[in-house]
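First comes the structure, then the notes that go with it.
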Amino acid sequence: MAGRELVEVGKKGLDLLYELEKSPQSETPNIVKDWNYLHFNDAHIDSLPESIDRCIHARVIETACNRLSCLPQSIFNMPQLTKLDLSLNAFNSFPIVLSGMTKLQSLNLSYNHLSELPMQISGMTGLKDFNIGFNNFTTFPTALFNMSKLETLTITGNMLSNIPVEIKDMTGLRKFFLFCNCFTMFPIALCGMGSLKELYLGNLKGLYVHHNHISYIPADIVSMTGLESLDLESNNVTHLPPQIRNMKSLVELNVRGNPLVQPPEHIVDRGLDAIKRYFEALTTTGAILSSRIQVNLLGETVAGKTSLSRTLQRGTSTLTILADRTRVVEQMTWNSHQDIVFNINDFGGHDVYKIGHPIFISKHGLVLITFDLLKYDPGNKKHYQFYIGNWIEKVQAKVPGVKMAVVGTHVDKVEDLDSKCDKVEKQLRDHKQKQQDWCKSQIKKIEGNTDGTQTSIPPAYADKISKLMALKEQVKNIPDSIFWVSSKTMKGIKELQDFLVTVAKDHAVQLPKMWVEAASNICNKKYDDSPCNTLELDEVQKLIKQYAPASWSQEVETYNKKVHLATNDILNFLADCGDIIWFDSSPSLKKVVFHKQEVLVNVLKAVLNHDKADVLSKLLKPMNMPRLEAEDTQDKIFNRGIISKKAMELLCEPLCLSSTEVTSMEKLMQKLELCYQVQEEQSFHFPCLLTQERQSELDEKWPSKVSSDTTQLALEIHFPFQCPEGIYEKLSVRLHNFLEHTLTEHIDWKDGVYAQLQSCQMQLSREERHQQREMANSTTDWVITIAIRGSDLLEMWPVLSRAHDYLMAIIEEDWPGVSYGKYLVCPHCTSEDREEPTRFKKEILEGVNRPTNVLCKNTGRYISADLVYPPHWKQVVNKNKDVLRQKITEPDLHYLNNLFFQEGIFSDYEYEWIKESPEKTAVFLDFLTTKSDKAFDILCQFFVEPERYKLLELIKY
Ligand SMILES: Nc1nc2c(ncn2[C@@H]2O[C@H](COP(=O)(O)OP(=O)(O)OP(=O)(O)O)[C@@H](O)[C@H]2O)c(=O)[nH]1
């Protein structure tokens, strides 16, 4: 603002200018001469006054959201004007008066009706930033080719499908925004533009009808030597060119929402460096079309899973003898063809593997639901559900999207084979149809479920709809025909093998030879004679060095780094295929590779053992514990869910784990949130082991009736028929870790947790509830309730909201496909102790419209919206202003001020004021609370980083 103070003027100034327009001879008041920032957005005007040039010092005019279709000629006489915002107006043609304005640097004409630009525009020699997004351009405006000084061009949301080669004449262009156009090919003309730094060719998904559908990225892209950022989000790109690895200046690449095959998804997820390394390894070590696919055999006990898996692997009939039952999980590998490897997981009849299930089954794998056709009676209605239906539903809920097929075994023993098979297949088709119909009806219900108060579907509902759509697709994808096999006569085995090979070929990806060879060597360690239960990272690195290209060893300085990164890449690849379990995001667990699933499952089984006598006998083994101590330990395990480190070691003793392995397993159990550490006791608390009922002393701390000076906020999650395993226990662990420092008291029991916090109380509980849906038809729901009691709603909402977010995250992680209903219990009904309180659909409350009062249907009364809607973020920011002032650092504030300015949230005036003020943060927060939700969203995104996460808690309810 070079020397001059900012003097902002709004609509009132406009009125004065209209007055002056009426008397052209009048003298210009000094105050008008001082204005340098004219803010006329949303002023309901059709034209600007001719007297606008009286503002001789005006540098900025913002006049968005009006009905302007032309400009006054006098604007030409405003020599200091550098920025003009004419977005969201009614221009049908470019206002030619601007073409002679050489000082104008920034012009925004987005959201008008332009379809061409005049050649005279080249007279705007000072223009650096030009926005003509969301107009009606069908071809690129050639008049722009003469504007070699233009640095940023935004032409998003038009109907361009091509860029002419003359674009190369725009040598000053640095940032080019082209998303939401009609490109079906990468605009090849851009390839020679060495000066371009940022290119945006993605889509704003779901917002506009016309999208870019680019499917091919030319190798020539490498000639864009200056490109730093490339956005290709939501196109149709399947392959990136390997040359991308040579784009030295490229530091940001967004390819989300593309059906990428090369590089494979798990590499893309890990960012540009991983992509570059992948192509580097492909080029230096050769490429192999490889497919490693995990095949999971699930089904009831003695269904014939192990026999089938061994028959597949050996290629000859292999029947188990009855004594040879799978204990937990048996792994084997079947190399059917060169470079197709099936990693078969044969799960035994035990339930224990279900804990932490997603870590065992890869979403890219295949699940075979296996059942014994001999035992199956198509006439018995329960058989379908028990042997097939429940398994399908469970897998859908746990690993949505995973490919599934159904296999019937023992066909050699079945007499009326054809008719029986037809009946089962019909039942499968009926089940699929029923599920599809259910999905459709749910979608319809949600779409019509906006309570009359909503203008759009709340995001939570939109999310539900997209999940239901995905489920519908998944159900459709289960093959209608069942595989009928006999591991005795080999009948049907060939057909099943062919199916597996077809699926594997569909999954095949080009991988670096080095990766494939090293990976297969690591996997073979599962089957060698070595007694080791896990692999150490150093050991794996040594192994990988054997496959490193010779050229690496010549670069002594980078050798170790290259091996280290290649190790990460290969282990990530194996973890993604489900061959190993490895957590590269955890510094301590990273050092251990869990390559034998059976070991892991056995540990879980040993520690989470519900057999009291068995546990006691393990503790009492000679040299272990004296009886009294063992009994006390047993009591702690089964009543309080507490296992000491020593007890953990004793329980795992039969598994012959090294002490490092025991420590890794402890860490893993904490990582899976099966337990949390109780520091002072050197113990671990496992909520899933609790057997104690709710203690009666709690009735005093948390009486069933809420006292008159207290408010209760309660959120209920209803699961139909059964509570998904492990969810409640994991929530209990996660909440403990969150509340640890604010807790003054914590008591838990089999189905609940009570916590006394500094400002409120919380009770988490799980119960089975019978719902009288129809007169003669009562059903069971499992309900998890998170209830908060206190007197200050502003203190209570954050706790409820946090617990809600945790529960939702856990469902997303462990049971992403499960269906549930989410309700907020009316606090007013609770205060009146009503047996059937009003339940507000939580998704409705997450919508955009927040009324002042809300109707409580059961009492017919209007209650304050503060009781059912979380406080507005502005209220929260205001409440925590003092703390925020202290906690937001100077560099962060500086960054935020710039960011808000760039995003158009802060005006020049606000930006400068914050910059100059001695009370920067306070002024920033004051301005912030006058802004729209977009400001809040940006701030949240900034605070979501781990180092600022605490700040997020101060702005979010
Ligand atoms: N005749 C015949 N017998 C089979 C067939 N498949 C399995 N069996 C027998 O059925 C019994 C159970 O087979 P398994 O393969 O051990 O079954 P499983 O599903 O692995 O059993 P769990 O590991 O206990 O869950 C064994 O006695 C097998 O020999 C088959 O196709 N035909």
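Residue numbers run from 1 in the order of the sequence given. Each ligand, and each atom within it, is numbered from 1 in the order the structure gives.
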Practice item. Evaluate the criterion side-chain hydrogen bond (donor to acceptor under 3.5 Å, both in side chains) for residue pair E517 and N521; output intermediate values, then yes/no. Key: CA-CA 6 Å; E517 289 174 351; N521 203 332; over 6 Å; no
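- Salt bridge R292/D579: present, at least one basic N to carboxylate O contact under 4.0 Å.
- With ligand atoms numbered from 1 in the order given, ligand 1 contributes 30 (C), 31 (O) to contacts under 4.0 Å with heavy atoms of S487.
- More than 12 non-hydrogen atoms from other residues, nucleotides or ligands lie less than 6.0 angstrom from NZ of K432.
- Between the choices L319, T320, L298, the shortest heavy-atom distance to atom 16 (O) of ligand 1 belongs to T320.
- More than 12 heavy atoms of other residues, nucleotides or ligands shown are found within 6.0 angstrom of CD on Q313.
- Geometrically, ligand 1 and L308 share no nitrogen or oxygen pair separated by less than 3.5 Å.
- Taking a cut-off of under 4.0 Å to the non-hydrogen atoms of S486, the atoms of ligand 1 that pass are 31 (O).
- Remark: K730 engages E813 in a salt bridge, criterion side-chain N to carboxylate O under 4.0 Å.
- Between K305 and ligand 1, at least one N/O pair is under 3.5 Å apart.
- At least one N/O-N/O distance between A303 and ligand 1 falls below 3.5 Å.
- Using a 4.5 Å heavy-atom threshold, the side chains of F719 and I811 count as touching.
- Of the listed options H410, R310, K488, H410 places a heavy atom closest to atom 3 (N) of ligand 1.
- Residue D412 approaches ligand 1 through these ligand atoms, each under 4.0 Å from one of its heavy atoms: 1 (N), 2 (C), 30 (C), 31 (O), 32 (N).
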